[in-house]
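Computed from a prediction, not measured in an experiment: that's the story for all the values here.
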Amino acid sequence: MQHRGVTVWFTGLSGAGKTTITRAIAEELRAQGCKLEILDGDIVRENLTKGLGFSKEDRDINIRRIGFVSHLLTRNGVIVLVSAISPYRAVREEVRQMVGDFVEVFVNAPLATCEERDVKGLYKRARAGEIKQFTGIDDPYEPPANPEVECRTDLEELSESVAKVMNKLEELGYISTKVAV
């Protein structure tokens, strides 16, 4: 498969399915020989942005740092799959402008569905007041105004979400399954 650098930014509430979709797409792209990297919000927080809290300012710094790394990789021909809640629309738009080749994927599931899927118990702890500034509970999530792709993970199968993203990447010319003659 031929491809060019792009950042595919998966945004949505905790438990919406960002990581699940990201991993499935990565598997498909790798099987087709694409050069890619995954930047998962939880892993980035452990390594690149350790020490940041969850205030709006710290969240924005975190997203800008992920965006900067994405920009460097994208301009070097890598497909970057970012899975991060990234709750604030303005900083996502800032990253879009920095990266240039940017596809926003809104991984959309209702809060109740995300709470049902919560294997880490984070929503329960947030509702009990043990976690402050938790996105969707006592901190806002601003959904994208015009994402390139919306995956409704409460209504569609994983394969449908993956197909939507892959089709959009091909439509926008970032990947090509056509063989050059």
Side-chain angles (χ1 to χ4, degrees), residues 1-45 59 62-63 66-67 69-70 73-74 77-89 91-93 95-96 99-123 134-137 140-178:
M1 174 181 279
Q2 297 176 351
H3 75 275
R4 40 185 260 250
V6 61
T7 291
V8 185
W9 196 282
F10 297 86
T11 178
L13 292 172
S14 178
K18 296 177 301 299
T19 299
T20 301
I21 296 170
T22 298
R23 287 179 180 157
I25 289 171
E27 189 176 303
E28 191 163 323
L29 290 171
R30 281 189 182 115
Q32 296 178 26
C34 292
K35 186 168 57 168
L36 70 99
E37 287 293 335
I38 296 175
L39 297 177
D40 184 273
D42 291 340
I43 295 168
V44 169
R45 268 199 179 269
R59 288 175 193 252
N62 183 48
I63 296 308
I66 295 170
V69 173
S70 299
L73 291 165
T74 296
V78 176
I79 296 174
V80 184
L81 305 176
V82 175
S83 173
I85 294 170
S86 42
Y88 307 116
R89 195 177 294 128
V91 78
R92 288 193 311 264
E93 192 55 37
V95 170
R96 175 189 291 275
V99 173
D101 290 300
F102 185 95
V103 174
E104 187 173 43
V105 179
F106 179 26
V107 182
N108 187 359
L111 179 60
T113 300
C114 294
E115 289 188 77
E116 287 172 18
R117 295 176 179 167
D118 184 21
V119 294
K120 299 177 193 172
L122 298 175
Y123 282 104
F134 193 81
T135 302
I137 303 298
Y141 176 78
E142 300 170 352
N146 294 297
E148 282 76 13
V149 180
E150 180 176 0
C151 298
R152 286 296 309 266
T153 61
D154 60 321
L155 302 175
E156 61 195 38
E157 296 296 320
L158 175 60
S159 60
E160 293 174 89
S161 296
V162 170
K164 282 182 176 180
V165 176
M166 294 294 288
N167 290 339
K168 182 56 74 171
L169 291 175
E170 186 161 13
E171 175 189 318
L172 295 173
Y174 290 111
I175 61 174
S176 174
T177 55
K178 296 170 184 68

Chi angles and distances behind the side-chain contact (heavy atoms from CB on, under 4.5 Å) call for F10, V165: CA-CA 10 Å; F10 297 86; V165 176; 4.2 Å; yes
From CD1 (I85) to OG (S14), nearest 0.5 Å: 5.0 Å
To the nearest 0.5 Å, how far apart are CD1 in I25 and SG in C34? 11.5 Å
Qualifying salt bridge (charged side-chain N to carboxylate O under 4.0 Å, His left out) pairs, either residue in [range], two or more places apart:
{"range": "residues 25-34", "answer": "none"}
{"range": "residues 9-25", "answer": "none"}
{"range": "residues 140-149", "answer": "R96-E148"}

Report yes if the side chains of [X] and [Y] come closer than 4.5 Å at any heavy-atom pair, otherwise no.
{"X": "S70", "Y": "V95", "value": "no"}
{"X": "R59", "Y": "T135", "value": "yes"}
{"X": "V103", "Y": "L172", "value": "yes"}
{"X": "I21", "Y": "L158", "value": "yes"}
{"X": "F102", "Y": "T74", "value": "no"}
{"X": "V105", "Y": "C151", "value": "yes"}
{"X": "L29", "Y": "I175", "value": "yes"}

Between [X] and [Y], which heavy-atom pair has the shortest distance, and what is it?
{"X": "E156", "Y": "S161", "result": "OE2-OG, 2.6 Å"}
{"X": "R4", "Y": "I79", "result": "O-CG1, 3.8 Å"}
{"X": "P140", "Y": "Y88", "result": "CG-CE2, 4.0 Å"}
{"X": "G17", "Y": "V107", "result": "C-CG1, 3.8 Å"}

Quick check against the 3.5 Å criterion: does [X] have a side-chain atom that pairs as donor or acceptor with the backbone of [Y]?
{"X": "S86", "Y": "A84", "value": "yes"}
{"X": "Y123", "Y": "G136", "value": "no"}
{"X": "H3", "Y": "G77", "value": "yes"}
{"X": "T153", "Y": "A16", "value": "yes"}

Please report, to 0.1 Å, the donor-acceptor pairs under 3.5 Å made by any side chain of residues 108-116, with sequence neighbours excluded.
from	atom 1	to	atom 2	distance (Å)
N108	ND2	E150	OE2	2.6
E115	OE1	R127	NE	2.9
E115	OE2	R127	NH2	2.9

E171 meets the side-chain contact (heavy atoms from CB on, under 4.5 Å) criterion, sequence neighbours left out, with K168
According to side-chain contact (heavy atoms from CB on, under 4.5 Å), who are the partners of P144, at least two apart in sequence or on a separate chain? T11, R92, E104, F106, Y141, P147
